[in-house]
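First comes the structure, then the notes that go with it.
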Amino acid sequence: MVKLDKISYSVWDYSIQDYDGHITIIQLKDRLVFIDSGKEPITARKVRLEVEKLTNLPVKQLILTHQHWDHVFGNQAFEDCDIISSKATLDDMKSYLMTYWTDENLNKMREEEPEDYADLKIVFPNIIFEKEYQIKDENISIKIFQGDGHSAGSCYVFIPEEKILITGDLLFCKMTPFFGDPNADIYTWLDVYRQMLELSPEIIIPGHGEITDQSEIQNQIDYFERCIAWMTKYIEDGFLKENLDERDDFPLIKAMNIEGFDELVKSSIRRTFDVVEERIK
Ligand SMILES: [Zn+2]
């Protein structure tokens with residue numbers, strides 16, 4: 001059963017229960033635009049069928065906010081569409097074939113979770129931009145901004161006519177964000193939060209967690225500032241990166257509902273060490 005929520009005149013959202021993710025759909029006059037495809041093709045296909053039925057419009061474009069698997073493994077449900085991403089997102093996706101998405105790892109997924117991944121294949125974006133991209137018709141404009149921060153090339157999407165911001169993983173609502181990507185940078189990410197606030201969004205669809213408003217951006221700014229303060233003191237007190245696991249007082253919010261979250265947190269803390277050390281040395 002696919003339950004779509006109508007968020008505004010032009011925006012639909014599908015909340016993914018098991019990891020609090022989102023697939024967002026924007027309705028233009030003559031077509032639909034998806035934002036992110038989720039973590040498995042079967043769900044993406046179901047959501048696509050449902051919204052095409054509800055609106056009697058075809059999907060023509062898929063925007064990828066970024067390259068992490070839980071946002072792009074549904075891409076094959078949109079092979080007949082234009083798939084749009086930043087150049088850095090495409091570059092990382094290609095490099096993942098040699099690291100995270102090797103034949104061996106993908107075959108393991110196909111075998112261990114056949115109901116979700118039996119036919120999994122990696123589908124790359126075919127429309128690439130740097131910094132900004134826009135899709136519009138006479139009613140609304142869909143503005144895509146590259147912010148980085150969460151990953152190289154991470155983007156957020158704003159619809160000014162409806163004051164809706166779709167953040168991808170540049171916002172996790174009421175939970176500890178993932179900032180352990182090898183290119184994550186919480187200083188850059190703080191700049192992104194300030195850019196988002198300047199847009200004065202009224203409704204925010206985060207990468208994970210419940211739909212929210214600007215107050216959650218401020219919460220996450222406060223959170224990253226606490227992380228930076230903690231790590232600055234840790235480094236200035238002379239502690240080393242390899243001893244981070246011995247500490248259990250790094251600031252955290254609620255755990256995200258996803259397998260292996262503890263490892264994600266550890267990688268976020270280690271990455272924070274690197275970016276803070278680089279900044280203060
Ligand atoms: Zn992500």
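When a ligand or atom number is given, it counts from 1 through the structure's own listing order. No hydrogens, no waters, no symmetry mates; every other heavy atom, side chains included, goes into these values.
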Test item: Tyr223 side-chain N/O and Pro251 main-chain N/O as donor-acceptor pair under 3.5 Å
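Here the side-chain-to-backbone pair exists.
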
Short question: side chain of Asp237, backbone of Phe239 - any donor-acceptor pair under 3.5 Å?
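Between the backbone of Phe239 and the side chain of Asp237 there is no qualifying donor-acceptor contact (under 3.5 Å).
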
His66: which N/O/S atom is nearest the Zn ion (ligand 1)?
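The closest N, O or S atom of His66 to the Zn ion (ligand 1) is NE2.
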
Could you check which N/O/S atom of Asp169 is closest to the Zn ion (ligand 1)?
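Within Asp169, restricted to N, O or S, the Zn ion (ligand 1) is closest to atom OD2.
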
Side chains of Trp189 and Tyr193: donor-acceptor distance under 3.5 Å anywhere?
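Tyr193 and Trp189 do have a side-chain donor-acceptor pair below 3.5 Å.
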
Using a cut-off of strictly less than 2.8 Å, determine whether His68 has an N/O/S atom near the Zn ion (ligand 1).
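An N, O or S atom of His68 is closer than 2.8 Å to the Zn ion (ligand 1), so yes.
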
Would you check if the Zn ion (ligand 1) lies under 2.8 Å from any N, O or S atom of Asp181?
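Within the cut-off used here (under 2.8 Å), Asp181 places no N, O or S atom near the Zn ion (ligand 1).
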
Glu104, CD atom: more than 12 neighbouring heavy atoms under 6.0 Å:
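Incorrect, the count does not exceed 12.
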
